[in-house]
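To find a chain, count down the sequence lines: A is the first, B the second, and so on, and within it residues start at 1. Being a predicted model, the structure only gives us computed values, none of them experimental.
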There are 2 protein chains.
Amino acid sequence: MRKQFRDLASPEEARETIASLELTPEVERVPLSDARGRILAERVDAEIDVPGFDRASMDGYAVRARDTFGADEADPVELALAGEVHAGAEPDVEVEPGTAVEISTGAVMPPGADAVVIVERTEERDGNLVVYKAVAPGDSVMPAGTDIAAGARALGPGTRITPREIGLLSALGIDDVPVRGAPVVGIVSTGDELVRPGETLRPEAGQIYDVNSYTIAAGVEEAGGVPKLYPHAGDDYDEMERLLREAADECDLVLSSGSTSASAVDVIYRVVEERGELLLHGVSVKPGKPMLVGTLGEGSAYIGLPGYPVSALTIFRTFVAPAIRDAAGREEPQTATVEGSMAVRERYAEGRTRLMPVGLIADGDGEMLVYPVDKGSGATTSLVEADGVVEVPADVEYLAEGETVTVQLFSVDVRPPALLGVGEDDPALSRLLDRVPSPRYLAVGSREGLRRLRDGIPDVVVVAGDARSDGNAVELGSWTREWGLVVPTDNPAGVTGLGDLVDADLRFINRDTNSGLRTELGNAIATLADERGQTRHELVEAIDGFDRGMKAFESPARAVLAGRADVGLGLRETAESLGLGFVSLGTQPVHVLGNPDRTQKESVQQFGEILADGDDVFGTLSGYESK
Amino acid sequence: MRKQFRDLASPEEARETIASLELTPEVERVPLSDARGRILAERVDAEIDVPGFDRASMDGYAVRARDTFGADEADPVELALAGEVHAGAEPDVEVEPGTAVEISTGAVMPPGADAVVIVERTEERDGNLVVYKAVAPGDSVMPAGTDIAAGARALGPGTRITPREIGLLSALGIDDVPVRGAPVVGIVSTGDELVRPGETLRPEAGQIYDVNSYTIAAGVEEAGGVPKLYPHAGDDYDEMERLLREAADECDLVLSSGSTSASAVDVIYRVVEERGELLLHGVSVKPGKPMLVGTLGEGSAYIGLPGYPVSALTIFRTFVAPAIRDAAGREEPQTATVEGSMAVRERYAEGRTRLMPVGLIADGDGEMLVYPVDKGSGATTSLVEADGVVEVPADVEYLAEGETVTVQLFSVDVRPPALLGVGEDDPALSRLLDRVPSPRYLAVGSREGLRRLRDGIPDVVVVAGDARSDGNAVELGSWTREWGLVVPTDNPAGVTGLGDLVDADLRFINRDTNSGLRTELGNAIATLADERGQTRHELVEAIDGFDRGMKAFESPARAVLAGRADVGLGLRETAESLGLGFVSLGTQPVHVLGNPDRTQKESVQQFGEILADGDDVFGTLSGYESK
């Protein structure tokens with residue numbers, strides 16, 4: 001049954017195949033108040049004149065111009081006063097030959113009149129009007145249709161409706177606007193282990209939250225489509241099949257991502273083959289190789305996206321969003337791409353197109369630097385570490401440092417961060433970053449942070465302990481934090497210091513090797529080894545779990561809280577905030593170092609000021625002191 | 001009662017006063033599916049580990065690493081097989097010392113195990129597992145929290161939520177997102193003569209459609225506010241006062257525009273003074289001098305905008321939108337400004353800041369030209385003729401041709417037109433323009449069109465009749481149209497030709513002097529005058545209404561239809577489409593001429609092709625022929 005696609009399609013073939021899908025929805029009519037951002041489906045000609053009546057443009061008297069011929073200061077004309085007309089009222093009087101009617105600005109010209117004599121050129125005398133100036137037909141009258149004439153072309157098809165077009169439609173009295181329909185895009189979630197955000201997660205059963213459904217839904221909305229999330233069927237494959245059929249009936253396009261289980265893939269194949277046709281299976285692009293494209297019968301299509309979040313968003317942005325925009329009649333926003341230069345050399349030679357997720361940061365001169373992130377780890381955090389994607393053609397072997405590249409942003413709303421920091425994680429730092437506009441902070445640890453500073457990418461690096469940059473990094477600020485052993489509440493094992501960790505039978509959880517906290521622990525162990533006349537290695541060997549290093553500052557403490565460990569490496573602040581016991585082993589400094597090439601950058605200077613003013617942050621945290 | 005503000009405030013004072021208004025709304029919580037485009041109000045730290053469990057990253061066997069120490073191909077270790085664990089399932093077995101458990105990628109590590117031996121390095125034998133390789137603790141295991149660790153800083157306050165942030169929030173299971181509230185902006189409509197679009201208009205009573213309410217509402221929405229339109233009170237001032245109080249209670253900001261009637265202004269003053277304070281009355285800026293700023297008591301403010309649509313949108317965009325964006329926590333979109341150079345010299349010396357509405361068009365080299373539009377005419381059509389505003393400081397006397405200026409677009413969604421045409425209006429042209437992507441066409445008439453071409457601004461000019469450019473304009477295409485006298489159905493006055501117009505007592509409606517149709521009529525009258533041995537002037541004088549010239553091609557015919565005239569100048573096509581009678585006076589050519597500096601511009605070449613392929617358009621219109 002299953003078709004064999006021996007060759008991967010090229011990215012161009014994939015684009016063409018997706019462009020060939022029939023996604024364009026019917027024309028809709030929406031109320032004027034909902035028309036902003038939509039695309040006009042048809043030409044709108046004016047059906048009425050604006051203004052819709054001959055309008056006096058001055059205060060004065062409506063007359064028949066012929067009656068004033070020859071009038072001047074020396075030889076005025078006298079007309080009988082026949083009544084008056086005010087703005088916003090219907091005239092109840094006609095201007096017969098030899099008569100005049102008082103009129104105010106904006107009022108409707110009464111029948112018979114073809115001009116207005118301004119009040120300054122007249123005089124009322126004995127119930128009559130004396131006119132001191134001749135007027136021509138049309139004088140001080142704005143004829144009906146002067147602003148917009150009935151029959152005139154007002155707006156063309158394809159016009160994007162912004163506030164100004166709303167204004168023109170208002171003037172024409174149109175409150176029911178024909179617009180391009182928005183394609184309905186169904187999102188079917190296919191992983192057995194996925195749970196929707198907001199629902200209860202059972203990690204002990206291997207469940208994880210569904211990242212792609214809402215991410216892709218937001219992308220669909222941004223591209224001008226209407227996302228429709230179908231309930232999650234879990235491992236009920238009959239229900240999944242029913243949902244897919246329902247989605248195919250209701251939607252212009254159905255998307256799913258990362259069907260890891262063979263059973264789920266089979267369900268999708270079955271529905272695609274039964275109702276439509278599989279057009280493409282596999283694309284020569286990284287990520288996205290397993291992309292699936294097909295039809296689901298009359299007016300509906302299917303695209304299967306990869307499972308890793310960054311890969312799913314990358315493929316969506318590169319291949320699917322353009323098709324949704326086309327169907328909705330939208331142009332790609334101008335700000336959706338950014339030019340920049342590669343901050344590092346990046347090698348790549350796998351013979352297929354690469355969609356490389358990248359981050360962006362301005363250097364000291366305001367030039368945009370581009371650096372690769374997420375080398376296929378599948379990490380969700382890469383989502384917010386990447387600003388967009390650089391498309392590297394299959395025949396390019398490397399991108400040189402300084403080479404200019406074009407970055408397709410993940411969203412028109414994505415802004416590169418104002419400040420890029422890397423290094424140690426720390427609760428005081430988390431709070432200080434709240435005061436920085438648009439920061440990005442990658443908690444890669446002190447050691448990895450210093451390495452990245454040498455690459456010249458980050459603006460600042462945060463280093464815990466005495467480790468220092470070998471360059472001439474500029475210190476922007478520093479503080480000290482109290483560190484030690486986090487133990488269960490009331491310290492049931494009676495841990496008093498590092499010696500117990502070595503001597504007693506305790507399950508320990510460490511930090512990872514990039515952490516400045518682990519370096520500090522290593523130093524303390526070395527000191528203890530000296531005191532005991534043993535080697536550092538001997539002591540480390542005696543600690544059960546010294547090599548179980550965790551990435552984040554709260555993780556060892558949380559393992560203690562969950563009963564998975566007896567002792568964790570951590571901070572007094574963490575222990576206290578989680579209600580755990582704490583055995584202090586000392587304090588360590590945390591230094592914020594500025595990239596020497598960025599000291600003049602506004603955000604770096606601003607961060608320096610925020611650090612200097614951070615006493616209120618340090619004051620509310622246990623074991624912290626500003627230096 | 002009414003405060004006197006003798007001096008106009010400077011634009012800077014107006015900005016400061018508006019910035020001082022308290023518009024910032026409360027934090028809201030929205031479902032994840034509605035969070036796109038909103039601004040995160042608080043820092044979001046991870047509350048859970050992602051993944052939430054130690055996860056096997058390869059297919060193999062979960063073991064205690066210590067049990068494999070020393071194992072190699074020559075000296076394997078044998079362990080007892082104790083069961084299996086699959087992805088998405090909770091382990092029901094523990095790994096005791098000396099045992100192993102079969103495990104698949106993504107599955108939860110069973111208790112007791114600290115590493116996975118990959119399947120390739122093992123062999124099952126007699127219900128036991130033979131392990132050919134020693135593993136270290138953590139091998140082929142992704143520990144809980146590797147992707148995101150509980151306690152880690154995930155997103156900072158002020159983060160704009162785009163699809164990627166939706167992804168991170170999903171991963172953390174957050175479906176209830178704290179976001180900056182959107183300021184509620186009430187729009188109160190105050191003109192007596194205004195009618196809401198969609199309602200019935202009584203032009204005979206001087207009514208016009210309300211343009212500003214929906215335009216400003218769309219602008220509010222675009223700036224991140226929530227617009228709230230209040231019902232139109234017409235000339236019921238008690239009701240208007242009640243609505244203003246209601247709006248002040250319900251909204252963070254209340255806007256109205258162009259209260260022309262003194263009574264409406266009094267109502268506004270009364271409510272502002274009673275509940276709050278008038279802060280500013282009049283700003284030294286053109287347009288917008290009558291701008292009013294005040295408070296309406298606790299947490300609500302009032303701004304009065306000018307009445308002309310372009311002026312209202314200009315003042316909104318310049319002064320009000322930034323305050324709404326600030327309150328909503330949004331940045332100004334990057335594409336909201338464009339650099340360009342002045343296409344013409346523009347003088348201005350009124351001693352106050354000018355907010356000059358301008359149009360934009362790319363020249364032949366792709367450089368953006370900026371030209372002024374709408375010199376205070378108040379025309380609604382200027383709304384769609386202007387792309388944005390150039391702020392000219394009070395002390396600048398003129399902008400030189402070629403001078404670089406910054407244009408604040410009316411909306412981030414505004415795109416300069418791809419093709420700018422000017423000249424004659426024509427029904428065939430209206431249809432042909434539907435085929436051009438993003439055209440702007442200003443129906444200023446043939447004569448004015450040629451004048452503008454001499455200024456070098458438009459890409460093309462459309463000229464009816466034999467009038468030709470004095471430059472070296474390039475003809476892109478042409479057609480002929482049949483013109484003559486439009487008369488009521490069945491021609492009750494028995495008009496047979498131009499002679500009747502001169503001789504009989506008929507009310508005539510002409511086109512305006514810029515129209516090529518009027519020039520054609522003038523030529524025909526001159527010929528008739530020659531034939532009769534009279535002067536052209538004598539004949540013109542004998543036509544009642546020769547000087548009543550209307551701006552648009554359908555207008556004279558519509559006047560005939562409405563009984564306001566007996567004869568109108570027009571086209572056979574117009575007469576037939578409106579079901580009127582027609583007396584032919586001949587055919588005239590219509591030429592589309594290209595600006596000689598823009599012949600290589602893509603949109604100009606494209607338009608040329610569309611003209612060449614336009615036979616289907618000419619074929620469906622009466623009296624048309626392509627040439």
Any side-chain heavy atom of Ile208(A) within less than 4.5 Å of one from Phe53(B)? yes
Can you tell me which portion of Arg202(A) sits under 4.5 Å from chain B's heavy atoms? Options are side chain, backbone, both or neither. side chain
Arg431(A) versus chain B, the contacting section by heavy-atom distance below 4.5 Å: both
Are side-chain heavy atoms of Asp434(A) and Glu42(B) found at a separation under 4.5 Å? no
Taking the side chain as every heavy atom from C-beta outward, state whether Ser170(B) and Asp210(A) have any pair of such atoms under 4.5 Å apart. no
Sort Ala150(B) into side chain, backbone, both or neither according to what part of it lies under 4.5 angstrom from a heavy atom of chain A. both
Do Ile174(B) and Pro197(A) have side chains that get closer than 4.5 Å, going by heavy atoms? no
Tell me, side chain or backbone of Leu313(A) under 4.5 Å from chain B's heavy atoms, or both, or neither? side chain
Measure distances from Ser430(A) to the heavy atoms of chain B and classify the residue's part below 4.5 Å as side chain, backbone, both or neither. both
With only heavy atoms counted, which part of Ile48(A) is less than 4.5 Å from chain B, the side chain, the backbone, both or neither? side chain
Let me know if Val211(A) has heavy atoms under 4.5 Å from chain B in its side chain, its backbone, both or neither. both
Beyond-backbone contact of Tyr214(B) with Leu169(A), side-chain heavy atoms, under 4.5 angstrom: no
Under 3.5 Å: donor-acceptor pair, side chain of Arg55(A), backbone of Gly206(B): no
Just by modelled atom types, is the Pro137(B) backbone N or O under 3.5 Å from a matching donor or acceptor in the Arg548(A) side chain? no
Tell me the closest heavy-atom pair linking Gly145(A) and Lys551(B), and the distance in Å. O-CE, 4.1 Å
Taking side chain as C-beta onward, heavy atoms only, is Val108(B) less than 4.5 Å from Glu204(A)? no
Asp34(B): which residues meet the salt bridge (Lys or Arg N to Asp or Glu O under 4.0 Å) condition with it, sequence neighbours left out? none
Thr215(B) vs Arg164(A) side-chain heavy atoms within contact, under 4.5 Å: no
Where on Ile216(A) is there a heavy atom nearer than 4.5 Å to chain B: the side chain, the backbone, both, or neither? neither
Using a 4.5 Å cut-off on heavy atoms from C-beta on, say whether the side chain of Asp175(A) contacts that of Arg196(B). no
Chain B heavy atoms under 4.5 Å from Ala171(A): which part of the residue, side chain, backbone, both or neither? both
Of the non-hydrogen atoms in Asp49(B) and Ser555(A), which two are nearest, and what is the gap between them? OD1-OG, 4.4 Å
Chain B contact via Ala386(A) - side chain, backbone, both or neither, heavy atoms under 4.5 Å: backbone
Measure distances from Arg36(A) to the heavy atoms of chain B and classify the residue's part below 4.5 Å as side chain, backbone, both or neither. side chain
The interface call for Gln207(A) against chain B, heavy-atom contacts under 4.5 Å, is backbone
Please classify the contact of Thr146(A) with chain B as side chain, backbone, both or neither, using a heavy-atom distance under 4.5 Å. backbone
